[in-house]
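Let me begin by presenting the structure, written as structure tokens, before commenting on it.
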Amino acid sequence: MYSQAKVIAGGLAHIPVVIAVFYFILTTFNKRALKFVEELKTKKTESKVVEPKNTAVSKVENSKTESPKTETPKVVKKKHADVPVNIYRPKTPYEGTVIENYSLLKEGAIGRVNHITFDLKDSDPFLNYVEGQSIGIMPAGEDANGKPHKLRLYSIASTRHGDDFNGNTVSLCVRQLQYEKDGETINGVCSTYLCDIKPGDKVKITGPVGKEMLLPDEEDANVVMLATGTGIAPMRAYLRRMFEPTEKEKNKWNFKGKAWLFMGAPKSANLLYEEDLQRYLADNPDNFKYTKAISREQQNTKGGRMYIQDRVLESANELFNMIEDEKTHIYLCGLKGMEPGIDEAMTKAAEEKGLNWSELRPQLKKAGRWHVETY
Ligand code: FAD
Ligand code: A2P
């Protein structure tokens, strides 16, 4: 028989055992809990470390030779990656103010061709561009379906420093499109809008766009330019960059190569930027050559209108000597219709040098030396 005192004493005697069991359970649980928290911390830290991924193949090119995985990838910049594009798009165009708009033609010229400059200084983000790019213009008004007019592209005729060298304008060289249809004169929508706008007017601008007509970086590159009419626009920007004294001070690009412009215009009075070109010629006789084809005043050897492709043929030997030099780039801009004629002339000119133009042209294109923008 147990006495009450014995029962109490026996119960008290179990207390240390119970405490020991509880202590054991608690410490074990704590250790596990701490381990779990530590594991969690490590996982969170890991997820913050972004592993360099080779997603942009054009930007990060791993060495093709077998190399240890720890080697830092070689960063190869995509060609012309720094050239700005589409800063402004049609849904949110920049409204630039017209600074000036004047005719580039002389008395007796055919048609209407204007030089138009827009102020960009209030654009935010800033609408910067480089020589050889284009901008889009959205003419005011609506089309026949009551929809806003679509944008039209125009080659930029100014350097990135602008005509006043302050770096906050862009200029265009625009011919008004006019043609006859059913006895009626039709005026092009955007070109007429542009030729008619006045200083102070606001114009919706998009872009810049285009990487096809960019100048090479090399100061000793040779630049052959084949232009008809307003196709002179990008060439005017190139030639200013090469030869305009204040522009040269700004751009620090000391052009040392040879620039050769073939220019096609219907009449002498239609020659664009002629005074500037003559000045560049006088100041840079060793670096600039200027060959004109004035279609309605001069005749080719067959008695037809003189076109730039006829001039190309006349100069075949000298031209192909230049083309054989890998520092030479060729730029073609203006009427789409001139392309077959230029191709034909280049084929004949190449033959005279024992070369095959149909093989050579793709090679030049692949090498980034054949640049075409026709419309
Ligand atoms: P629209 O009202 O659009 O009329 C053009 C349409 O009229 C044509 O699509 C055709 O359907 C019709 N048409 C045209 N001619 C005839 C004809 N003879 N008979 C029957 N129908 C005809 N232009 C410049 O002046 N300067 C530049 O520097 C310049 N750069 C350009 C750069 C690029 C990359 C491109 C693509 C084009 C460039 N243009 C340039 C052309 C310009 O974009 C416009 O196409 C041009 O100004 C005509 O536009 P528009 O609105 O006046 O004519
Ligand atoms: P033309 O119009 O006498 O036939 P613009 O844009 O000021 O009219 O100038 C374009 C120049 O290009 C003009 O001299 C024009 O000659 C000429 N031209 C027209 N068609 C071609 C062609 N297929 N190839 C080369 N030049 C051309």
Side-chain angles (χ1 to χ4, degrees), residues 101 103-106 108-116 131-144 148-158 170-197 206-213 226-237 262-274 292-300 304-313 331-346 371-375:
N101 185 357
S103 171
L104 287 168
L105 304 181
K106 300 273 164 9
I110 299 166
R112 209 175 161 202
V113 182
N114 281 18
H115 185 79
I116 311 161
E131 299 76 19
Q133 291 195 285
S134 300
I135 54 169
I137 299 289
M138 301 173 73
E142 293 170 344
D143 63 18
H149 287 300
K150 293 212 165 63
L151 71 83
R152 271 73 164 175
L153 290 176
Y154 292 90
S155 309
I156 295 173
S158 48
V170 65
S171 301
L172 303 178
C173 169
V174 179
R175 159 178 274 289
Q176 183 188 24
L177 173 69
Q178 271 199 325
Y179 59 93
E180 301 296 317
K181 196 177 171 190
D182 306 327
E184 207 193 323
T185 302
I186 310 284
N187 293 328
V189 173
C190 193
S191 57
T192 304
Y193 163 76
L194 283 171
C195 288
D196 286 348
I197 51 174
T206 64
V209 294
K211 293 190 178 183
E212 168 68 21
M213 297 289 281
L226 308 169
T228 58
T230 53
I232 189 76
M235 282 57 165
R236 184 221 183 217
F262 290 83
M263 176 67 204
K267 294 172 89 179
S268 304
N270 281 81
L271 287 168
L272 307 172
Y273 306 107
E274 183 65 7
K292 300 173 215 177
I294 306 179
S295 56
R296 305 197 193 177
E297 293 174 7
Q298 300 169 334
Q299 285 191 336
N300 62 19
R305 288 179 177 180
M306 175 65 86
Y307 286 163
I308 50 172
Q309 47 268 42
D310 300 309
R311 294 296 188 201
V312 162
L313 262 179
Y331 294 83
L332 194 61
C333 190
L335 293 175
K336 203 167 208 58
M338 74 169 146
E339 279 190 61
I342 294 286
D343 242 354
E344 200 182 318
M346 294 300 258
H371 311 259
V372 180
E373 196 154 86
T374 54
Y375 42 86

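Computed from a prediction, not measured in an experiment: that's the story for all the values here. These values consider heavy atoms only, across backbone and side chains, with no hydrogens, waters or symmetry-generated copies. Each ligand, and each atom within it, is numbered from 1 in the order the structure gives.
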Practice problem: Pick one of side chain, backbone, both or neither for how R296 approaches ligand 2, counting any non-hydrogen atom pair under 4.0 Å. | Solution: side chain

Quiz item: With a 4.0 Å cut-off on heavy atoms, does K181 reach ligand 1?
Solution: no

Quiz item: Could an N or O of ligand 1 be found under 3.5 Å from any N or O of S134, whether backbone or side chain?
Solution: no

Quiz item: If you measure from each heavy atom of G264 to ligand 2, is any distance below 4.0 Å?
Solution: yes

Practice problem: Run the contact test for L335 against ligand 2 with a 4.0 Å cut-off on heavy atoms, strictly below, and give the result. | Solution: yes

Quiz item: If you take all heavy atoms of R152 and P139, which pair is closest and at what distance?
Solution: NH1-CG, 4.1 Å

Is [atom] near the protein, in the sense that some protein heavy atom lies at less than 4.0 Å from it?
{"atom": "atom 31 (C) of ligand 1", "result": "yes"}
{"atom": "atom 26 (N) of ligand 1", "result": "yes"}
{"atom": "atom 9 (O) of ligand 1", "result": "no"}

Quiz item: Which is it for V189 and ligand 1 at heavy atoms under 4.0 Å: side chain, backbone, both or neither?
Solution: both

Quiz prompt | Option with minimal heavy-atom separation from atom 8 (O) of ligand 2, where the choices are E339, R175, M306 | solution = R175

Quiz item: Of all the non-hydrogen atoms in the protein, which one sits nearest to atom 4 (O) of ligand 2, and at what distance?
Solution: Y307 OH, 2.5 Å

